[in-house]
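Working notes, structure below.
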Amino acid sequence: MSVSQNPSEAATSPQEREARYNPSEIEPRWQQRWAEQPELYAMEPASSNKPKYYVLEMLPYPSGQLHMGHVRNYAIGDALARYMWMQGHNVLHPMGWDAFGLPAENAAIKNNTPPREWTLSNIAAMKRQMDRLGLSYDWRNEVTTCLPDYYRWNQWFFIRMFEKGLAYRKKSKVNWCPQCATVLANEQVINGYCWRHEDQLVEQRDLEQWFLRITNYAQELLDDLGKLDGWPEKVRTMQQNWIGRSEGTEVEFDLEDSASAPEDEERERGKGTEVLPFLETSKKTGKKIAVFTTRVDTIFGATSVQLAPEHPLVKEFAASDEKLASEVTSLIEQQKKAREAGDIGEIEKHGVFTGHYAINPFSGERLPIWVANYILLDYGTGAIMSVPAHDERDYEFAKKYGLEVRIVILPRRTIDPETGKDAEPMLPYTAEDSLLINSGDFNTLGNEEAQKKMAAFAEEKGFGKATVTFRLKDWGVSRQRYWGTPIPMLYCEKDGIVPVPDDQLPVLLPDNVAITQENGSPLGRVPEFVNATCPKCGGPARRETDTMDTFVDSSWYFYRYTSAKDDKAPYDSDAIAYWFPIDQYIGGVEHAILHLIYSRFWTKMMRDLGLIKNDEPVQRLFTQGMVIKDGSKMSKSKGNVVSPDDMIARYGADATRAYALFAAPPDRDLDWQEDGVAGVSRFLSRVYRFVNRYAGYTGGAAQSTPASQALQRKLHQTIAKITIDFSGRWHFNTCIAAIMELVNTLTAAEPAIAAGEVSDAVLADTLRDLVLLLAPFAPYLSCELWEKIGGQGELLRTPWPKADESLAKEDAIEIPVQVNGKLRSVVRIAADADQDTTRDAALADEKIKAALEGKQVVKLILVPGKLVNFVVK
RNA sequence: GCCUGGAUGGCGGAAUCGGCAGACGCAGCGGACUUAAAAUCCGCAGACCGCAAGGUCGUGGGGGUUCAAGUCCCCCUCCGGGCACCA
């Protein structure tokens, strides 16, 4: 049998002849139209009398490819922006590129493409993808951080900070990632691993680096978390932990003037439990060991002093004690390994007695000084008093080395009923609510009171004071890389560190720099860059060759959006005053303590420079969930990546975006199922065909037929539901489900429409509002259909439909009727039926009659409009 | 270890204030249209018992409060995320 032409083609059914939803035809057409009217998505000036709304999504790194996480992020932001426009706001919805960073250098090495070229072509590609998605960005204020018109202001800020002492240079132990071949900030080290290279352990190196004094703001950053009630609790807690404020007391212990290296026998003595008696002041060396403790109330229980292996005093001790030196080296090694492996909390505790003693200023006792691998140099003072009875770590250590355990606090009211004496607590005993014993003049005090009195005592006697310690460290911003903002500093033999004068900014990043994996800044190998003139003395100067951490770029980019083209200032203060704070910021939770803490710091710094008025950049923060496929996060290494381009090609941008919103509430993880995208696409297709089919139904007065009323009811219920959700809950998945229900209702009403039971005007209104409701979620289709039904004016500026409560109201409702809490029947009654009517209707029901047969009703629960429950015996 | 989010049909999820558990969608099954298929449309669909009417069970597990619990309280299990010798 040969294949022949289809004879029935001419006789296709009316539905087959209907226009087919074809996103690959609709979407490019509208893209072009939107591209031709950039004012469509433009912000209006501050003089606008509309309420402002600044909606911001985190700017991407231009890797060259959008991934589904981006699509989800932008779909959420875009829906909100479009809704806000329709609600009559002046919307700022900008986008930009976090365009400096290491991948560009790696690409340069791999493909021999200059970083700038690689980055700019990636930006062009991703911008095309964004445009295909139909995102409503105001590209006129695009920010690209790798361009001099942006990074010059990084340099400008840096110099302002230098002038204020907020940017400074110091030598210190820093995190070094061998793969990045550069230093990392503390925030960029995740459990000892590099934040960009999940398998790369970070090393510690001693380097001289630039730091920003974020610790000046530690307290304010902490306090103001309280103001951020539009932020997820989770993020606030994470920042709070990161800042890590702890209140305590710093106490100075005198160093005893003791012998040099101890004999082996004496080394053993330090391990003994005996705390040696009071020593005269004449034996003091004048040297002090500062110790930080949050539990000064337990200081009489201290039985040793423990130093971090890298504590300067340890170096001193070790200088004249070879045996100690070698043991310390091994302790340092252990600590380094543990830190690098990210399990510093799990290594076995090791320590060694130094042969030296310190004097407890409260008790006058001499305590052996030990070095231990669990003491961190960079927290507190790098030294602790060890109180084994009341600290878990000290207890573990003391047990191992046989140090004395002395109880100095007891729980309140724990008299042993048999002996009539205080019961000994289980050790280590660390409770806050306790009483002091064996503590000299401080006996019987409650621990909280004791802490206050002891701190005051220490201060009075001059050997200590109450202090606050933060875990947060200053932000190391130097990077030994090429593709970043040059740090605008000069080193002059005569004048020392000199900032580049403002009128010489920007310090341009030179092109044609050989990028290699060698250590040291690539810029250091460019003599034209390095050799400069000192602006003070006119003599030769060397230029700083490190560049800035790229988190500097993203710390203030959202200010630049309000006046991205300004070449006189980083931004326009009036515009900032109008637009800030950002009304809604949307992004992944992975930046909770990186970008989001730096940004808060930067804002406070700018405020203190007198540049802006606001204390915080972001009013409301939303952190979306991850995109999951087959049970794990989409990633190249897992091979479960779904390409947005692929989805768009197959189902269209509208379906792809709408699915990203439909499959889960935005704050939860989203399971990507391609069949689901197909389902959403089918839904859009139904809408398309339905609206086209009835686009001609217009005009006339609304007639109040039952079918019309039913349609209006569903419509206004849908409007109300979606409007409420936009106001805060953001469960767009149920919004889209509600629109699907509305469309199902419309489809089911087709016979009634055909029978003329639905008034044309009502049908027309319903279609019109349906198109408007769909606009935030499927903008292409909405615009197409808006035109089809003869919508006047720009869809984006058309007011969002208003729910009419009286139309939304049901006139008859179904009430569940229970007997003893079990559902037995459902009765249909008028929505405004009173209690008696409701009860009578329930009693009249046959099934209820049967269920109540022979029983005695002891109680009647009647919740108006909700339910009836007969409690029977 | 501490903090946090979660666990609901075969799957994604819904139930916003303690009041009909499973909206909406996917996959599945049956039917219409078609020579056939695709597309589309209509219908069924938590589990178990039953021809049916109907009944019993059911929101990770155990207890409790209540006329009524996915929802509130107590205890526990598992999964995800964050922090972790921070003195």
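Side-chain contact check for A:Lys473 and A:Thr215: no donor-acceptor pair (N or O, by modelled atom type) lies under 3.5 Å. Under the 3.5 Å distance criterion, with hydrogens and angles disregarded, a donor-acceptor pair is assigned to the side chains of A:Glu750 and A:Tyr694. A donor-acceptor pair shorter than 3.5 Å cannot be found between the side chains of A:Asn820 and A:Gln818.
When distances run from any side-chain atom of A:Arg668 to the nucleotides B:G13, B:A15, B:A87, the shortest one goes to B:G13. For A:Val826, counting side-chain heavy atoms from C-beta on, the closest listed nucleotide (B:A87, B:A39, B:C20) is B:C20. Distances from the side chain of A:Leu376 to the nucleotides B:C42, B:A87, B:G12 place B:A87 closest. With distances taken from any side-chain atom of A:Tyr374 to the nucleotides B:A15, B:C85, B:A68, the minimum falls on B:C85. If you check B:C24, B:G82, B:U40 against the side chain of A:Met740, the one that comes closest is B:C24. Of the candidate nucleotides B:G25, B:C26, B:G13, B:G13 has the atom lying nearest to any side-chain atom of A:Ala664. Among the nucleotides B:C20, B:A14, B:A87, the one closest to the side chain of A:Glu814 is B:C20. Checking B:C20, B:U40, B:C86 against every side-chain atom of A:Arg689, the shortest atom distance belongs to B:U40. The side chain of A:Arg682 lies closest to B:U40 when the candidates are B:A23, B:U40, B:C67.
Contact annotation for A:Gln818: base contact, defined as any heavy-atom pair under 4.0 Å involving a base atom. Backbone-only contact: A:Asn733 has heavy atoms under 4.0 Å from sugar-phosphate atoms and none from a base. Within the 4.0 angstrom heavy-atom criterion, only backbone atoms of the sugar-phosphate kind lie near A:Asp669; the bases stay farther away. At the heavy-atom level, A:Gln306 lies nowhere under 4.0 Å from the strands shown. Heavy atoms of A:Lys721 sit under 4.0 angstrom from at least one base atom. As judged by a 4.0 angstrom heavy-atom cut-off over every strand, A:Phe662 is placed among the base-contacting residues. Within 4.0 Å of A:Leu860, counting heavy atoms only, lies no atom of the nucleic acid at all. Residue-level contact check: A:Gly679 touches the backbone only, with heavy atoms under 4.0 Å from sugar-phosphate atoms and none from bases. Nucleic acid contact for A:Arg245: none, since no nucleic acid atom lies under 4.0 Å from a heavy atom of the residue.
Atom pair A:Lys633:NZ and B:C79:P shows a separation of 21 Å (rounding to whole Å applied). Look at CZ on A:Phe726: it is 17 Å from C1' on B:U16, rounded to the nearest Å. One atom, CD1 of A:Ile736, and another, P of B:A23, lie 18 Å apart when rounded to the nearest Å. For the pair A:Lys400 NZ and B:C85 C1', the computed distance is 14 Å after rounding to whole Å. In this entry the distance linking CG of A:Asn820 with C1' of B:U66 reads 13 Å, nearest Å. The interatomic distance linking A:Arg236 (CZ) with B:G81 (P) rounds to 23 Å, in whole Å. Between A:His731 atom NE2 and B:C24 atom P there is a gap of 19 Å when expressed in whole angstrom units. When the P atom of B:U40 is taken as reference, atom CG of A:Leu684 falls 13 Å away, rounded to whole Å.
Nearest-nucleotide positions on RNA chain B place A:Lys866 closer to the 5' end than the other of A:Met626 and A:Lys866. Of the two residues contacting RNA chain B, namely A:Ala748 and A:Ala663, the nearest-nucleotide position lying further toward the 5' end is that of A:Ala663.
Comment: A:Lys855 does not engage A:Glu853 in a salt bridge, judged by the lack of any side-chain N to carboxylate O separation of less than 4.0 angstrom. In this structure, A:Lys714 pairs ionically with A:Glu741, as a charged nitrogen and a carboxylate oxygen lie closer than 4.0 Å.
The aromatic ring centroids of A:Trp370 and A:Tyr401 lie less than 6.0 Å from each other. Separation of the A:Phe662 and A:Phe732 ring centroids does not fall under the 6.0 Å cut-off. Centroid-to-centroid, the aromatic rings of A:Phe463 and A:Phe253 stay 6.0 Å apart or farther.
Contact annotation: A:Arg393 reaches the phosphate of B:C86 (side-chain N/O to OP1 or OP2, under 4.0 Å). Listed pair A:Lys859 / B:C67 meets the phosphate criterion, a side-chain N or O lying under 4.0 Å from OP1 or OP2. Between A:Asn744 and B:G25 there is a side-chain polar atom (N or O) within less than 4.0 angstrom of OP1 or OP2. Using a 4.0 Å cut-off, some side-chain N or O of A:Arg471 falls inside it from OP1 or OP2 of B:A84. When the side-chain nitrogen and oxygen atoms of A:Lys822 are compared with OP1 and OP2 of B:G58, none of them lie within a distance under 4.0 Å. Look at A:Thr734 and you won't find any side-chain N or O under 4.0 angstrom from OP1 or OP2 of B:G13.
Judged by atom type and distance alone, A:Asp675 does not reach the base of B:C26 through any side-chain donor-acceptor pair under 3.5 Å. Within 3.5 Å, a donor on the side chain of A:Lys349 pairs with an acceptor on the base of B:C85, or the reverse.
Comparing B:U65 with B:G12, their C1' atoms are spaced 34 Å from each other, to the whole Å. Distance check on atom P: B:C67 versus B:G55 gives 24 Å, rounded to whole Å.
Both key distances under 3.5 Å define a Watson-Crick or G-U pair, and stretches of 3 or more such consecutive pairs in RNA chain B run B:1-7 with B:77-83, B:10-12 with B:24-26, B:28-32 with B:40-44, B:46-49 with B:54-57, B:60-64 with B:72-76.
A:Arg668 contributes no side-chain N or O that, together with a main-chain N or O of A:Met626, makes up a donor-acceptor pair within less than 3.5 Å. At distances below 3.5 Å, at least one donor-acceptor pair connects side-chain atoms of A:Asp474 with backbone N or O atoms of A:Ile214.
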Going through the checks in order, is the side chain to side chain contact (heavy atoms under 4.5 Å, CB included) test met by A:Thr303 and A:Val405? CA-CA 7 Å; A:Thr303 56; A:Val405 180; over 6 Å; no
